[in-house]
Amino acid sequence: MYSMAFSSVFSTPLNSLKQVNKLNSSLNPCFACVTSASSSFKTNIASSKSSLFQNGFSLPLPNLSGFVSKSQNFSNFYARGATAEKSIYDFTVKDIDGKDVSLSKFKGKVLLIVNVASKCGLTTSNYSELSHLYEKYKTQGFEILAFPCNQFGGQEPGSNPEIKQFACTRFKAEFPIFDKVDVNGPNTAPVYQFLKSSSGGFLGDLVKWNFEKFLVDKNGKVVERYPPTTSPFQIEKDIQRVLAA
């Protein structure tokens, strides 16, 4: 019955809101969230009255197989829409010494955000190249934000003081290092929820391993995401491009 009602409404011009009001009382309200979250869906029926969506016109999600093929795809789309108005500057994190740091202090800068580990096979090359890039571009408005994480093979087991000493002593890291966080799972740090939902791509929702990288532009928006095996030197041209923008 719902699918018949849906087809009959969209097969005739929407010249009267009375048709919509009659349907409102009989159809499931779950469709309201779909229509409000999907600008592309609104575009496809641009000739329809805007009040169609405001009044909560709806039908069950199973009848939308042509619009949303998989619930996971819809979840990813909705999450990206929910973060569209946010930026990295909306978050406050703790630094390696336990002090609160508002990321708004980095407004106007290009950021490379990395989940780091001290005992990974990628540690030496990544820390060395990150330190080199930071030294080269820090005076041009570039910052690296390092977030230790122990979720991948238990390769960041140390305390914050131990992590700080390792990075600063062995690799002369001068870029900011923050409190150890979770980047996946139920305790994912809010800043990483934002980073992942903003980027999407073939990597999906999960950070795959140590040293995954997110490039953030001067407006606090994620513009690129790189897998752990992409070395810092490989993304230097992207850093240059975003700095010049």
Side-chain angles (χ1 to χ4, degrees), residues 36-37 39 75-116 126-127 130-131 133-149 151 156 160 163-164 167-168 173-201 203-208 210-228 230 232 235-245:
S36 63
S39 59
S75 298
N76 290 340
F77 174 86
Y78 187 81
R80 289 195 294 273
T83 60
E85 299 305 318
K86 281 185 172 291
S87 75
I88 200 72
Y89 309 133
D90 293 311
F91 298 92
T92 296
V93 298
K94 289 190 178 297
D95 67 14
I96 197 75
D97 298 315
K99 298 177 181 178
D100 286 340
V101 176
S102 172
L103 297 184
S104 63
K105 70 177 290 184
F106 298 108
K107 278 186 177 181
K109 293 190 174 185
V110 173
L111 308 178
L112 187 64
I113 301 178
V114 190
N115 59 300
V116 298
N126 272 268
Y127 260 117
L130 288 170
S131 294
L133 290 178
Y134 186 66
E135 183 64 26
K136 185 174 181 178
Y137 295 106
K138 65 180 181 181
T139 60
Q140 300 180 38
F142 176 64
E143 288 284 351
I144 295 171
L145 310 185
F147 287 87
C149 178
Q151 289 186 292
E156 190 70 295
N160 279 358
I163 294 169
K164 181 179 180 179
C168 297
E174 297 180 359
F175 47 81
I177 302 175
F178 296 90
D179 186 30
K180 190 187 297 188
V181 297
D182 281 0
V183 299
N184 291 327
N187 297 317
T188 299
V191 66
Y192 264 88
Q193 293 175 2
F194 166 77
L195 291 170
K196 293 190 293 182
S197 64
S198 296
S199 53
L203 292 170
D205 288 334
L206 297 177
V207 171
K208 300 304 182 186
N210 306 307
F211 297 100
E212 189 161 314
K213 303 160 188 77
F214 296 85
L215 186 62
V216 178
D217 68 13
K218 298 173 185 178
N219 297 312
K221 303 293 185 180
V222 178
V223 292
E224 296 288 349
R225 179 177 180 177
Y226 308 91
T230 301
I235 61 179
E236 184 173 5
K237 288 185 178 180
D238 287 346
I239 293 171
Q240 293 173 339
R241 172 177 54 81
V242 181
L243 281 171

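Not measured: the values here are computed from a predicted model. Computed from heavy atoms alone, side chains included, the values below leave out hydrogens, waters and symmetry copies.
- Side-chain atoms of L130 and L112, non-hydrogen and from C-beta on, do get closer than 4.5 Å to each other.
- With a 4.5 Å cut-off on side-chain heavy atoms, L145 and F106 count as touching.
- Shortest non-hydrogen contact noted between Y134 and I144 is CB-CD1, 3.8 Å.
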Please walk me through it: do N115 and Y192 pass side chain to side chain contact (heavy atoms under 4.5 Å, CB included)?
CA-CA 10 Å; N115 59 300; Y192 264 88; 3.6 Å; yes
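- Between atom CD1 of residue I239 and atom CG of residue L215 there is a gap of 6.0 Å, rounded to the nearest 0.5 Å.
- Taking NZ of K221 as the start and CG of L111 as the end, the distance is 13.0 Å to the nearest 0.5 Å.
- Residues S131 and F175 form a side-chain contact, since some pair of their non-hydrogen atoms from C-beta on lies under 4.5 Å apart.
- Every residue meeting the ring-ring contact (aromatic ring centres under 6.0 Å, His included) condition with F91, not counting sequence neighbours, appears here in chain and number order: F194.
- Atom-to-atom distance recorded for Q193:CD and D205:CG is 11.0 Å, nearest 0.5 angstrom.
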Walk me through it: do L195 and R225 pass the test side chain to side chain contact (heavy atoms under 4.5 Å, CB included)?
CA-CA 9 Å; L195 291 170; R225 179 177 180 177; over 6 Å; no
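- In this structure, the separation between CG on L243 and CG on D238 is 11.0 Å, given to the nearest 0.5 Å.
- Only one option out of K109, K105, K218 pairs with E143 in a salt bridge (Lys or Arg N to Asp or Glu O under 4.0 Å); it is K109.
- Side-chain atoms of D95 come within 3.5 Å of backbone atoms of D97 as a donor-acceptor pair (strictly under, hydrogens ignored).
- Residues V216 and V242 have side chains not in contact (no heavy-atom distance under 4.5 Å, counting atoms from C-beta outward).
- Looking at Q151, its side chain does come within 3.5 Å of a backbone N or O of V183 through a donor-acceptor pair.
- How far CD1 of I163 is from CD1 of I96: 5.0 Å, rounded to the nearest 0.5 Å.
- No side-chain heavy atom of F214 sits less than 4.5 Å from a side-chain heavy atom of S198.
- Closest approach of K213 and I235 over heavy atoms only: CD-CD1, 4.1 Å.
- The shortest distance between side-chain heavy atoms of I177 and P148 falls below 4.5 Å.
- Here the straight-line distance linking atom CG of L103 with atom OG1 of T92 works out to 7.0 Å at 0.5 Å rounding.
- Minimum heavy-atom separation, P228 to E212: CD-OE1, 3.9 Å.
- When the shell of 6.0 Å around NZ of K138 is examined, it contains more than 12 heavy atoms from other residues, nucleotides or ligands.
- Using a 4.5 Å heavy-atom cutoff, the side chains of T188 and K196 are in contact.
- By the 4.5 Å heavy-atom criterion applied to side chains, E236 and L133 are counted as neighbours.
- With F147 as reference, V93 is the one residue of V114, V116, V93 to meet the side chain to side chain contact (heavy atoms under 4.5 Å, CB included) rule.
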